[in-house]
Protein chains: 2
Amino acid sequence: MEKVGIKEIAAQANVSIATVSYVLNGTRNVRLNTKERVLRVIEELNYKPNDIAKSLKSKKTNTIGVIAEDVTVFNVPEIIDGINDYADRHDLHIVLTNLRLHRRVGHHYADVEAYRKYAVNAVSDLLAKQVEGMIYIGIHPRDVTGLIDTQGKPIVYTYCYAQNDLSIQYNDEQASYDAVRYLFNKGHRRIAVITGLMDSIPSRLRFNGYYKAITEYELPFEPQLIKVGDWGLDSGLRLTKELLELSEPPTAILVMNDVMAVGTLRAAREKGVGVPEDLSIIGFDNREFSDYLNPRITTMALPLHEMGYSSMRSLLRLVNGEDADPEQVPQCVLLERDSVAPPKR
Amino acid sequence: MEKVGIKEIAAQANVSIATVSYVLNGTRNVRLNTKERVLRVIEELNYKPNDIAKSLKSKKTNTIGVIAEDVTVFNVPEIIDGINDYADRHDLHIVLTNLRLHRRVGHHYADVEAYRKYAVNAVSDLLAKQVEGMIYIGIHPRDVTGLIDTQGKPIVYTYCYAQNDLSIQYNDEQASYDAVRYLFNKGHRRIAVITGLMDSIPSRLRFNGYYKAITEYELPFEPQLIKVGDWGLDSGLRLTKELLELSEPPTAILVMNDVMAVGTLRAAREKGVGVPEDLSIIGFDNREFSDYLNPRITTMALPLHEMGYSSMRSLLRLVNGEDADPEQVPQCVLLERDSVAPPKR
DNA sequence: CTGTTAGCGCATTCAC
DNA sequence: GTGAATGCGCTAACAG
């Protein structure tokens with residue numbers, strides 16, 4: 001474990017350290033003979049370059065900092081995977097910072113002050129490490145403008161927004177529009193919706209898509225078919241019961257996340273309503289368990305991998321001083337499973 | 001965004017760069033007056049130290065490399081979270097490498113050659129970045145001896161093993177022993193088990209625990225109560241049916257993962273067997289969905305966070321040249337939910 | 001094609 | 001209590 005450096009190699013191979021550097025980086029042509037000799041010594045001495053020194057000199061770290069609000073929240077790992085996918089192909093490295101928000105502030109992520117210090121620290125550390133840029137991965141889509149200051153370094157937000165910076169999001173409105181269209185094409189005319197909390201951006205956007213589809217297909221807009229949930233299983237259970245107790249219940253429900261959809265499934269079972277024979281259900285998020293439920297539920301898959309990949313690509317453009325490309329917005333895709341069928345009537 | 005360095009500060013504050021370094025690191029006493037002046041200039045110029053340069057000089061990066069076989073596999077994020085937990089408290093940084101094994105080689109993780117190149121690359125990169133040590137997070141407990149060579153740098157494996165290095169694992173045998181004891185204490189005497197693939201270490205260990213408990217409690221050892229599954233939902237479904245068709249079916253089943261337990265639940269439903277009235281079930285892993293099933297299933301929670309935390313702690317000892325501590329093995333804990341009840345008879 | 005040399009930004013010895 | 005000087009390991013002019 002002796003630390004062999006470039007100069008050791010140079011000595012052993014009877015060349016200058018510059019030459020070694022050249023063969024190492026291919027920066028310049030080196031006579032084949034010389035090159036082989038150097039390479040052999042490198043092999044023999046088991047030399048490993050020191051990126052730290054290289055970075056200091058070249059002022060390039062080839063490293064980007066990823067700030068994840070919480071790696072244990074379902075959307076984050078897939079996004080990281082997408083980031084890695086792109087990074088691998090472009091010889092970039094990742095320094096990961098995990099804010100551990102879920103554990104530290106629970107559901108109070110709306111209260112920015114509660115975790116500003118963590119975020120600011122993370123940025124400081126990353127800046128000190130001379131990252132070329134940063135990606136910030138939220139655990140809930142919301143505006144985090146002003147949370148951090150990257151001192152001019154490029155940053156891309158994903159799964160959340162910031163007003164003066166680029167952010168990569170999926171198309172919520174389109175997704176729920178597509179879901180309703182799918183139900184319509186299956187023959188459904190009374191389509192209910194169970195939303196998430198209405199102060200959340202995705203809820204609004206998804207509702208817009210629902211409303212737009214209802215309008216375009218000239219379906220009756222009935223307020224009693226619209227239920228406001230809170231993303232939790234119990235609200236799905238409760239609201240579905242309300243829906244099923246209507247004098248004219250819906251034949252299909254668009255539920256804005258898979259967790260509430262579990263509640264919907266339970267309500268249906270309790271009421272003796274068959275899914276999908278009597279009631280069709282579409283969930284949102286493609287949570288892993290949605291495939292384990294009975295029936296397996298049809299759900300809108302979030303393009304998480306693509307969001308990570310795309311964030312990285314856009315960031316790289318910023319780092320290279322190019323324009324943020326007129327990126328197309330990642331689209332959700334409907335996973336057809338067993339919770340949707342044509343209505344009986 | 002001018003790059004202000006230590007020498008800028010020195011000039012503005014009329015001191016030498018050495019002095020600035022002293023106040024920055026508290027390496028030596030500096031007259032209060034001078035110190036304040038320096039601090040003020042640092043503030044004004046918004047100076048951020050350059051860790052790269054610092055590391056080059058001090059030969060310490062305070063960074064450890066984490067090699068995750070795949071961040072999208074359920075056990076990994078929690079382990080990373082534990083690592084971060086410890087790292088945060090000790091001012092350590094994490095460079096994350098994601099091998100993306102699941103995506104790249106699917107279930108062929110037994111075939112080491114299929115991904116050796118990725119692993120070796122990861123280690124090279126980390127070594128070049130001068131990490132102080134590494135943690136390797138597996139996606140399935142197995143022996144990965146010889147996969148990588150860290151050139152003498154300390155490494156700790158978790159959720160997998162390597163023969164000549166430290167590895168942090170949870171106590172599989174104890175866990176399943178505890179599960180059986182729990183069932184016994186609830187009054188069960190005919191306790192079946194559905195294992196995972198028997199070439200997997202956890203299956204063996206968990207079976208040992210089952211066997212030990214059966215023996216100690218002097219329960220009849222009946223081979224027909226032992227079913228070998230493959231970790232997949234379908235095997236849980238199929239094997240549970242077999243169990244329920246026995247002339248004298250079990251009153252409880254220990255299922256070695258939650259995914260197969262979903263199959264068990266389905267089989268019971270198809271057979272009209274009530275859970276937990278007619279059949280008690282204990283799963284393994286505490287997968288998120290185990291709380292969404294109907295009934296919510298009682299399961300063995302893996303101490304993932306602790307494994308990450310503990311890996312980091314042990315690694316730090318190695319880095320500091322201390323002995324790997326006689327670490328106690330992280331224990332699983334049984335999460336009591338709704339899938340276990342006393343047997344009817 | 002190859003060698004010499006000057007730093008990158010900072011910590012640290014050694015003088016004062 | 002403070003400063004001047006040295007070098008960490010490497011890259012990239014600049015000279016041959």
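A note on names: the letters A, B, ... follow the listed sequences, proteins ahead of strands, and every chain is numbered from 1.
The CG-P distance, from A:D51 to D:dT11, rounds to 9 Å in whole Å. Summarising the geometry, the separation between CG on B:N29 and P on D:dT2 is reported as 9 Å, rounded to the nearest angstrom. A straight line from CD1 of A:I52 to C1' of C:dC10 spans 13 Å, rounded to a whole angstrom. Between the C1' atom of C:dT5 and the CD1 atom of A:I6 lies a distance of 14 Å, rounded to the nearest Å. Across the protein-nucleic acid pair, B:R37 atom CZ and D:dT2 atom C1' stand 11 Å apart, rounded to whole Å. The interatomic distance linking A:K7 (NZ) with C:dA6 (C1') rounds to 15 Å, in whole Å. In this structure, A:L24 atom CG and D:dC10 atom P are separated by 8 Å, rounded to whole Å. A:L56 has its CG atom 12 Å from the C1' atom of D:dG7, to the nearest Å.
Nucleotides of DNA chain C nearest to A:N14 and B:R28 differ in position, and the one nearer the 5' end is that of A:N14. Nearer to the 5' terminus of DNA chain D, by closest-nucleotide assignment, is the contact made by B:K35 (compared with the other of A:A53 and B:K35).
Other residues, nucleotides and ligands contribute over 12 non-hydrogen atoms within 6.0 Å of the CD atom of B:E322.
A donor-acceptor pair is defined here as one N or O able to donate and one able to accept, closer than 3.5 Å; no such pair exists between the side chain of B:D81 and the backbone of B:P77.
Relative ring orientation between A:Y157 and A:Y136 is described as tilted, the plane-to-plane angle lying within the 30° to 60° band.
For B:Y47 and C:dC10, the shortest distance from a side-chain N or O to OP1 or OP2 is below 4.0 Å. Residue A:S58 places none of its side-chain N or O atoms closer than 4.0 Å to OP1 or OP2 of D:dA12. Here A:T19 does not reach the OP1 or OP2 of C:dT2: none of its side-chain N or O atoms lies under 4.0 Å away. For B:T34 and D:dT2, the shortest distance from a side-chain N or O to OP1 or OP2 is below 4.0 Å. Taking 4.0 angstrom as the limit, B:K59 places none of its side-chain polar atoms (N or O) nearer than this to OP1 or OP2 of C:dA11. At the phosphate of C:dC10, neither OP1 nor OP2 sits under 4.0 Å from any side-chain N or O atom of B:S21. Residue A:N25 has a polar side-chain atom (N or O) positioned under 4.0 Å from OP1 or OP2 of D:dT11.
A cation-pi arrangement is absent between B:R104 and B:Y115 under the rule of less than 6.0 angstrom and at most 45 degrees off the ring axis.
Residue-level contact check: B:K57 touches the bases, meaning some heavy atom is under 4.0 Å from a base atom. Within the 4.0 angstrom heavy-atom criterion, no nucleotide atom of any strand lies near A:S55. Counting non-hydrogen atoms under 4.0 angstrom, A:I17 reaches a base of the nucleic acid. Counting non-hydrogen atoms under 4.0 angstrom, A:V15 reaches the backbone sugars and phosphates but no base.
Going from atom OH of B:Y86 over to atom OG of B:S314 covers 8.5 Å, rounded to the nearest 0.5 Å.
Side-chain atoms of A:Y22 lie closest to C:dG3 of the nucleotides D:dT2, D:dG3, C:dG3. Nearest nucleotide to the B:K54 side chain, out of C:dC10, D:dG1, C:dC1: C:dC10. Nearest nucleotide to the A:N50 side chain, out of C:dG3, D:dC10, C:dA11: D:dC10.
Using a 4.5 Å heavy-atom threshold, the side chains of A:D125 and A:T97 count as separate.
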